[in-house]
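Reminder, nothing fancy here: chain letters follow the sequence lines and each chain counts from 1.
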There are 2 protein chains.
Amino acid sequence: MKVSREQVALNRERIIETAARLFREKGYDGIGVADLMKSAGLTHGAFYGHFASKEDLLAEVTAHAFNASVERWRGKAAQAPETAMASIGENYLSERHRDEPGQGCSITSLGPDIARLGPKVRQALTEGAKGHLAVMEELVPGADQAAKRKQALATYAAMVGAMVLARALDDEALSLEFMAAVRDSLPAD
Amino acid sequence: MKVSREQVALNRERIIETAARLFREKGYDGIGVADLMKSAGLTHGAFYGHFASKEDLLAEVTAHAFNASVERWRGKAAQAPETAMASIGENYLSERHRDEPGQGCSITSLGPDIARLGPKVRQALTEGAKGHLAVMEELVPGADQAAKRKQALATYAAMVGAMVLARALDDEALSLEFMAAVRDSLPAD
DNA sequence: ATTATCTATAGATCTATAGATAATGC
DNA sequence: ATTATCTATAGATCTATAGATAATGC
């Protein structure tokens, strides 16, 4: 049963969106192509008409997820530059983000997996991180551009690390403490 | 062929040390029990005499790796408290650490994997992180104990995040920039 | 006699591919 | 006629276990 050109595009989108959630929730090795396609409502075999390999899918998924996130950050920076940094930080360093990795930052859920994969996936992550950084550089204080950039890099790293720790720890109080400590240390312009 | 009581203990140590390297290098799902035992010079079947499950092994491995690291940090803090923070930071945020995950911090190589596993593994990571934090609290500046703790939490998070990013990025300059930015932002007592 | 390690295997995965099917779109 | 998806399968994994073997240590 063939489907329309339009339906093909929809199916492809559906695979990417399903994979975006499942990879982040279960890790790259935690979900197989067959189960993933089943979740997307298609069969295992249909996958290879859309993507050359599972790793190729992750590259597309990573670019897709970062694009959406960078877009949101940009929107906040454009609409309310004064409070954007605080808003981004509160959103990132929240219990909601911690408890829903399937909707969250790919670096915190897939960073070490991606570090072990090929250039295509790593390039997608790199472009995404650069997008995040570009927004942050506009929002942080600093005497000159170099100082702002350094501040943005250090702040981004602290946010990523706090979320990795908050998720892995088996101590709710300490988990919350990490998120709060980094939230409170965010630079205000 | 049975071996001596002493050899059994040595074999167990060898499994743990081999696993400590391989899990961090390849991820929890990236190395199987059979290959792991082969690397340790034993057969697949012998594994289950030493550990109840693969996850159980990771719990022991995590505790083992953190103990060694916390011990080193403690040694530096005791021997040269003035320069210990800088020394820990330079060591952690180095190309050597980035390029040899098999010898490095378990949070940066296995954090997201561990976040998806059971309480035993997560407790081992939690105890280890608390050990690291206890050392850092002594080394960072701060008006009172609460301020020091907050500083230690934020600094630890930044170190973890910078290493996760430095490893995942496909851009050597940006990778180095993240490590340098966090190194330069370390609080000096 | 006990037991640490061995070989062999069960049963369940995994990615990727080959060939059949059937609806679209020229 | 083309092609997106389907079923079925190859071939290679995976964790865990069962039962055999043989050296230790009472």
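Atoms CD (B/Glu55) and C1' (D/dC14) sit 15 Å apart, rounded to a whole Å. Atom CG in A/Asp29 sits roughly 8 Å away from atom P in C/dT15 (whole-Å rounding). Rounded to whole angstrom, the span from the OH atom of B/Tyr28 across to the P atom of D/dC14 amounts to 13 Å. In this structure, A/Leu57 places its CG atom 11 Å from P of C/dT15, rounding to the nearest Å. Atom CG of B/Leu10 and atom C1' of C/dA4 are 14 Å apart (whole Å).
Screening A/Arg74, A/Gln103, A/His132 for a side-chain hydrogen bond (donor to acceptor under 3.5 Å, both in side chains) involving A/Ser69 leaves a single residue, A/His132. The side-chain hydrogen bond (donor to acceptor under 3.5 Å, both in side chains) test with A/Ser87 is passed by exactly one of A/Lys76, A/Glu82, A/Gln79: A/Lys76. Partner of A/Glu137 under the side-chain hydrogen bond (donor to acceptor under 3.5 Å, both in side chains) criterion, out of A/Lys148, A/Arg149, A/Gln151: A/Arg149 alone.
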Do any N or O atoms of the protein come closer than 3.5 Å to N or O atoms of nucleotides 24-26 of chain C, and which pairs are they?
unit_1: C/dT24; atom_1: O2; unit_2: A/Lys2; atom_2: NZ; d: 3.2
unit_1: C/dG25; atom_1: OP1; unit_2: A/Arg5; atom_2: N; d: 3.0

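Heavy atoms of other residues, nucleotides or ligands lying less than 6.0 angstrom from NZ of B/Lys26 number 12 at most. Enclosure of atom CD in A/Glu172 by more than 12 non-hydrogen atoms of other residues, nucleotides or ligands within 6.0 angstrom is indicated.
Within residues 32-52 of chain B, the residues approaching DNA chain D are B/Gly32, B/Val33, B/Asp35, B/His44, B/Gly45, B/Tyr48, by heavy-atom distance under 4.0 Å.
Although no hydrogens or angles enter the test, the distance criterion places a donor-acceptor pair under 3.5 Å between the side chain of A/Arg24 and the main chain of A/Ala20. Counting only distance, with no hydrogens or angles, the side chain of A/Arg122 and the backbone of B/Ala168 share a donor-acceptor pair below 3.5 Å. For B/His97 (side chain) and B/Gly104 (main-chain N/O), no donor-acceptor pair under 3.5 Å exists by modelled atom type. Using modelled atom types, one side-chain atom of A/Arg116 and one backbone atom of A/Pro112 make a donor-acceptor pair closer than 3.5 Å.
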Taking Watson-Crick and G-U wobble contacts under 3.5 angstrom, with | marking pairs to another strand and [ ] crossing pairs, the secondary structure of DNA chain D is written ||||||||||||||||||||||||..

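Taking 4.0 angstrom as the limit, B/Asn11 places none of its side-chain polar atoms (N or O) nearer than this to OP1 or OP2 of C/dA4.
B/Tyr28 and B/Phe23 have tilted rings, their planes meeting at an angle from 30° to 60° on a 0 to 90° scale.
Comparing D/dT15, C/dT15, C/dT5 against the side chain of B/Lys54 picks out D/dT15 as the nearest.
Across A/Val140 and A/Ala152, no two heavy atoms sit closer than the pair CG2-N, 4.1 Å.
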